[in-house]
Protein chains: 2
Amino acid sequence: MKAGRSKKGANSRDRILQAALQEFAHKGIDGARVDEIARVSGANKNMIYHYFRSKENLFVAVLESVYENVRSRQQDLSLRDLDPVAAMRRLIEHTADIWIEVPEFNRLLASENLHQAKHVRRSKKIQSMYSPLIDTLKGILERGVKDGVFRDGVDPVDLYISVTSLSAHYVAHHFTFDAIFKTNLMSPKKIAQRKSTISAMILRYLQP
Amino acid sequence: MKAGRSKKGANSRDRILQAALQEFAHKGIDGARVDEIARVSGANKNMIYHYFRSKENLFVAVLESVYENVRSRQQDLSLRDLDPVAAMRRLIEHTADIWIEVPEFNRLLASENLHQAKHVRRSKKIQSMYSPLIDTLKGILERGVKDGVFRDGVDPVDLYISVTSLSAHYVAHHFTFDAIFKTNLMSPKKIAQRKSTISAMILRYLQP
DNA sequence: GCACTAAAGTACCAACCAGTCAGTAAACTA
DNA sequence: TAGTTTACTGACTGGTTGGTACTTTAGTGC
């Protein structure tokens with residue numbers, strides 16, 4: 001088969017998106033090469049421009065799909081059945097897991113912030129995705145305050161940033177940390193230690 | 001003067017290094033352009049290759065100079081005169097300030113981690129710089145434990161990573177946070193709030 | 001068997017960009 | 001003052017890269 005409709009399961013658009021995700025995540029938007037995406041996806045370069053119109057648009061599409069992936073993971077945690085402390089702990093651990101399970105997300109965000117979030121700002125889709133998470137966090141905080149297990153006045157956005165920082169930065173910067181401190185931060189043991197440190201730190205911070 | 005030895009105060013090497021710092025920090029190593037560094041520094045492109053031999057070597061030189069800058073800031077804090085809690089608070093606030101005062105450091109590190117710390121690993125100079133800081137932190141922790149104000153068993157490297165994460169990630173990722181949460185995290189008010197959150201979080205974590 | 005469409009191929013371009021070449025002029029040295 | 005080193009210049013090159021034009025192949029539904 002030299003040309004014509006392929007019989008592979010995933011259609012070209014999806015395969016391009018998958019290959020682009022890897023390429024962008026590993027090399028950043030500037031280091032990534034369209035030809036390489038074409039090669040890896042097995043699609044003709046023309047198809048990339050047919051579906052996505054430009055390299056930048058492709059990057060936005062990749063960002064959106066990863067944000068969507070992460071958001072969907074955060075949705076079904078059934079935190080309402082748990083008491084506030086347990087719910088908070090679960091949310092923290094789940095947030096920490098995301099960076100390890102979806103390392104591409106972290107890398108895309110690093111690249112994106114080097115570019116002043118130019119692509120995120122262009123995507124209404126992404127910007128509409130995060131409020132539900134903050135609402136969940138707010139709900140847990142309020143329940144905790146009512147139960148007398150959390151102190152009052154903690155801003156949910158601020159708390160979300162703290163949890164994210166403690167987990168994301170560790171994973172994103174483990175290369176330089178490893179080089180400087182001569183350790184291996186991504187070993188299972190170290191990762192488990194970090195997760196318990198984060199939980200302890202946040203829960204102590206929330207204590208009345 | 002068409003050619004020949006220049007009489008300008010700052011020599012070309014320094015001007016190139018300064019321009020390269022800005023270019024690399026703003027665009028990452030892949031986005032940065034050698035021609036642009038030449039243009040901004042006012043030096044001929046050949047001078048860049050004369051002094052630094054390659055774009056990558058120039059990047060390493062930039063990294064080293066920034067690491068040196070940051071390290072020298074951390075040296076003269078005279079923390080030994082303060083009680084453990086005050087010393088810890090000062091170290092935390094100082095660490096937080098660095099990311100705001102030297103934003104280039106953060107950006108270079110982001111780019112560097114996208115490349116698996118390949119350049120940091122190449123530089124023995126950088127790798128020899130960080131142990132003194134950890135020793136300082138270790139000293140404060142030990143004094144605090146002896147005084148009964150800190151609990152025992154906290155790893156200084158782990159603590160350093162936490163402090164750094166809480167401050168660096170906030171600054172490095174404020175573009176995407178701002179876009180998603182519709183705030184302005186770099187306003188003086190928000191920055192002050194963040195600094196006090198970080199201090200509170202760390203000091204509560206260290207309580208016995 | 002015909003129209004439609006997704007997919008793929010070949011070939012190309014203009015801009016870009018890291019790195020080089022060949023040479024000049026001032027300053028230092030013996 | 002001849003010879004060497006250091007600082008500097010403008011033009012150039014060869015490979016790369018995002019993006020385009022035009023053509024061809026082959027499944028699908030009618």
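Each chain gets a letter, A, B and so on, in the order its sequence line appears, and its residues count up from 1. Model, not experiment: these values are computed from the prediction.
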How many Å lie between CD1 on A/I48 and C1' on C/dA6, as a whole number? 15 Å
Among C/dA18, D/dG19, C/dA8, which nucleotide sits nearest the side chain of A/A43? C/dA8
Near B/R53 CZ, under 6.0 Å, is it more than 12 heavy atoms from other residues, nucleotides or ligands? no
Let me know, please, whether A/R33 or A/N44 comes out on the 5' side of the other along DNA chain D by nearest nucleotide. A/R33
Of the nucleotides D/dG18, C/dA18, D/dC8, which has the atom closest to the A/D35 side chain? D/dG18
d(CD1, B/I16; C1', D/dC8) in whole Å: 10 Å
B/R53 or B/G31: which one's nearest nucleotide on DNA chain C is closer to the 5' end? B/G31
Look at the side chain of B/K55 and decide which nucleotide, out of C/dA18, D/dC8, C/dA8, has an atom nearest to it. C/dA18
Please confirm whether any donor atom in the side chain of B/N46 sits under 3.5 Å from an acceptor in the base of C/dG19, or the reverse. no
With A/L159, the side chain to side chain contact (heavy atoms under 4.5 Å, CB included) member among A/I140, A/T164, A/I134, A/L206: A/L206
A/S12 side-chain N/O to C/dA6 phosphate OP1/OP2 under 4.0 Å: no
B/H50 NE2 to C/dA22 P, in whole Å, measures 18 Å
Rounded to whole angstroms, how far apart are CZ on A/R39 and C1' on D/dG18? 18 Å
Let me know the distance between CE of A/M47 and C1' of C/dA6, rounded to the nearest Å. 7 Å
Count the heavy atoms of every other residue, nucleotide or ligand shown that sit under 6.0 Å from CD of A/Q18, and state whether that count exceeds 12. no
With a 3.5 Å cut-off and heavy atoms only, can you find an N or O donor on one side and an acceptor on the other between the side chain of B/K45 and the base of D/dG10? no
Classify the nucleic acid contact of A/A38 as base, sugar-phosphate or nothing, counting any heavy atom under 4.0 Å across all strands shown. nothing
Could you check whether B/F52 gets within reach of a base, just the sugar-phosphate, or nothing at all, counting any heavy atom under 4.0 Å? nothing
How many Å lie between CG on A/N11 and P on D/dT28, as a whole number? 14 Å
Could you tell me whether B/E36 and B/R39 have a side-chain N and a carboxylate O separated by less than 4.0 Å? yes
Choose from D/dC8, C/dA8, C/dT20 the nucleotide whose nearest atom is closest to any side-chain atom of B/Y51. D/dC8
Can you measure A/I37 atom CD1 to D/dG19 atom P for me and round it to whole angstrom units? 11 Å
Please work out which of the three classes, parallel, tilted or perpendicular, describes the rings of B/W99 and B/F105, given edges at 30° and 60°. parallel
